[in-house]
Amino acid sequence: MPRKQPRPAQRARAIQRQTGGKYTDLLRHTTLVMTADAPPAGEGGTETMSPARDLARALRAAGAVGAAAELEAVLAWGAECGRLSRAFQAAEQQQWAAYDSGLSRTHCARWEAAAKEAGDALTDFVDGDYYREDRAELHAAAHAMALVAGGRATPDLARQAARVITAFESNAEFAADAIRGDHPVPLPPLDGPDTKPARAARAVAAALQEAAAIPWRGDEQWTACAELLKEAFCLVRAGAIFWGPGAGSLLQIRLGHQRPAPAGDVLGRTVIGWRPGMTETDAWETGRGLWRLHPQRALARGEAQIIAPGQMVLAVAEITGITRHRDRYALEGRLLSGDARVGKLTTTPHPSRNPIAYL
């Protein structure tokens with residue numbers, strides 16, 4: 001027998017010692033179980049980076065110690081819930097592996113009891129509140145937006161909150177179940193400075209607070225809450241330009257080197273692509289088209305960022321529409337002249353060879 005056996009073999013031998021099953025059958029099933037149920041990278045007890053943890057740190061730095069502590073406690077609850085869930089899944093898989101291996105009823109009953117014990121521990125811990133972690137994240141994001149709206153925190157805190165909120169954007173109906181009901185959002189006063197970052201944060205915080213106040217009743221209230229959350233998602237995208245780089249979703253376009261424009265260019269250009277010393281207007285005009293892209297995905301982005309081959313930001317624009325030209329599209333938008341990111345390396349490096357990236 002080899003001195004150092006693979007983990008599936010070690011587990012199969014351990015099960016054989018406990019149950020007396022056939023080693024080859026157990027090895028086959030434990031290999032399947034351990035391959036299928038290996039926890040994703042970052043799980044298994046190590047703390048992972050996440051937008052919610054970043055938000056908790058940012059809230060604490062902004063002086064909102066109570067909100068930060070509450071979010072941190074719920075995140076710890078979620079981590080323990082995940083650990084118990086993985087333990088239950090592993091025990092249940094071992095139970096079925098014992099059944100399939102033809103072990104005796106007594107040995108199968110042991111695995112069945114272990115799976116039940118793990119399932120009961122998970123149920124008792126969750127206590128029926130499956131939305132606790134999601135609710136805490138949305139409440140903390142609303143609290144952060146209220147601090148920015150009242151001038152009690154910098155717009156960077158809104159950027160951290162926006163990252164948390166946009167994580168729920170793909171399923172407003174699920175988020176409606178998490179945020180509404182008997183869990184109101186106690187926010188600081190929303191009055192504050194009349195600046196663009198504060199106004200944008202104020203609108204988002206108010207929408208989230210109103211969504212949380214909708215009672216947990218029938219489908220009508222559920223739909224109303226989901227619509228309010230969709231409005232909040234739109235407000236986050238619109239406010240992203242006021243909260244600094246990385247606040248919201250982004251359509252990034254990387255230019256190639258300068259070359260003649262195709263004959264009869266519909267945008268009236270004679271050359272396209274990047275050249276040293278081009279202005280923001282030149283970069284926007286050459287970068288906004290014509291591209292093969294997904295129009296709905298592009299419209300869902302709050303802004304477009306035009307970058308050079310070397311990853312330097314050339315221009316930033318707010319996307320207001322898209323026009324179709326046969327099988328290609330051109331962006332319509334408002335150039336954000338003088339944006340602080342222009343002339344610097346992008347903080348979101350382009351991820352592929354494709355000139356279009358949805359970030």
Side-chain angles (χ1 to χ4, degrees), residues 50-78 131-169 172 174-216 221 224-249 302:
S50 73
R53 293 191 185 281
D54 291 341
L55 177 59
R57 282 189 285 270
L59 282 168
R60 190 173 288 278
V65 178
E70 183 177 352
L71 179 56
E72 289 164 350
V74 176
L75 291 175
W77 174 89
Y131 300 111
R132 187 181 307 177
E133 189 171 4
D134 303 292
R135 183 188 310 119
E137 291 182 15
L138 288 167
H139 283 202
H143 192 95
M145 289 293 185
L147 292 176
V148 177
R152 291 176 286 276
T154 66
D156 183 65
L157 183 60
R159 178 170 62 87
Q160 301 288 0
R163 289 178 177 174
V164 170
I165 295 170
T166 52
F168 295 88
E169 188 171 8
F174 171 83
D177 277 340
I179 195 173
R180 68 193 176 108
D182 301 325
H183 302 279
V185 183
L187 296 182
L190 294 179
D191 55 339
D194 189 26
T195 61
K196 289 181 178 179
R199 289 199 302 268
R202 191 173 298 120
V204 175
L208 291 176
Q209 187 176 43
E210 187 177 352
I214 293 178
W216 187 283
Q221 287 79 13
C225 185
E227 290 302 316
L228 267 173
L229 287 172
K230 290 176 183 177
E231 178 185 340
F233 299 147
C234 291
L235 289 169
V236 167
R237 287 199 303 271
I241 60 175
F242 307 125
W243 299 327
S249 53

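- Side-chain contact between Leu55 and Arg163: absent, with no pair of heavy atoms (C-beta onward) separated by less than 4.5 Å.
- Here the closest non-hydrogen pair linking Ala175 and Leu138 is O-CD1, 4.2 Å.
- Contact record, Ala68 with Ala56: CB-O, 3.4 Å, taken as the closest heavy-atom pair.
- Smallest separation of non-hydrogen atoms from His139 and Ala212: NE2-CB, 4.4 Å.
- Panel note: side chain Arg180, backbone Ala211; no donor-acceptor pair is recorded below 3.5 Å.
- Listed for the Arg152 side chain is no donor-acceptor partner under 3.5 Å among the backbone atoms of Leu147.
- Looking at Arg53 and Leu71, their side chains never come closer than 4.5 Å, going by heavy atoms from C-beta outward.
- Counting only heavy atoms from C-beta outward, the side chains of Val74 and Glu137 never approach each other to under 4.5 Å.
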*asked:* Does Met145 form a side-chain contact (heavy atoms from CB on, under 4.5 Å) with Ile165? I'd like the steps, not just the answer.
replied: CA-CA 11 Å; Met145 289 293 185; Ile165 295 170; 4.1 Å; yes

*Could you go through the side-chain contact (heavy atoms from CB on, under 4.5 Å) check for Leu229 and Phe168 one step at a time?*
CA-CA 9 Å; Leu229 287 172; Phe168 295 88; over 6 Å; no

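- For Ala161 against Ala141, the heavy-atom pair with the smallest separation is CB-O, 3.7 Å.
- Taken from NE2 in His143 to CG in Leu208, the straight-line distance is 13.0 Å, to the nearest 0.5 Å.
- The nearest pair of heavy atoms linking Ala146 to Ala205 is N-CB, 3.9 Å.
- Thr166 has its side chain out of reach of Phe233: every pair of non-hydrogen atoms, C-beta onward, lies at least 4.5 Å apart.
- Counted within 6.0 Å of CD on Glu70, heavy atoms from surrounding residues, nucleotides or ligands total 12 or fewer; the atom is thus considered open.
- Annotation: side chain of Phe174 is in contact with side chain of Asp134 (closest heavy-atom distance under 4.5 Å).
- Other residues, nucleotides and ligands contribute more than 12 heavy atoms inside 6.0 Å of the CD atom of Gln221.
- Formation of a donor-acceptor pair under 3.5 Å by the Arg199 side chain with backbone atoms of Asp194 is found in this model.
- Residue Cys225 comes nearest to Ile179 through the heavy atom pair SG-CG2, 3.8 Å, listed as atom of the first residue, atom of the second, then distance.
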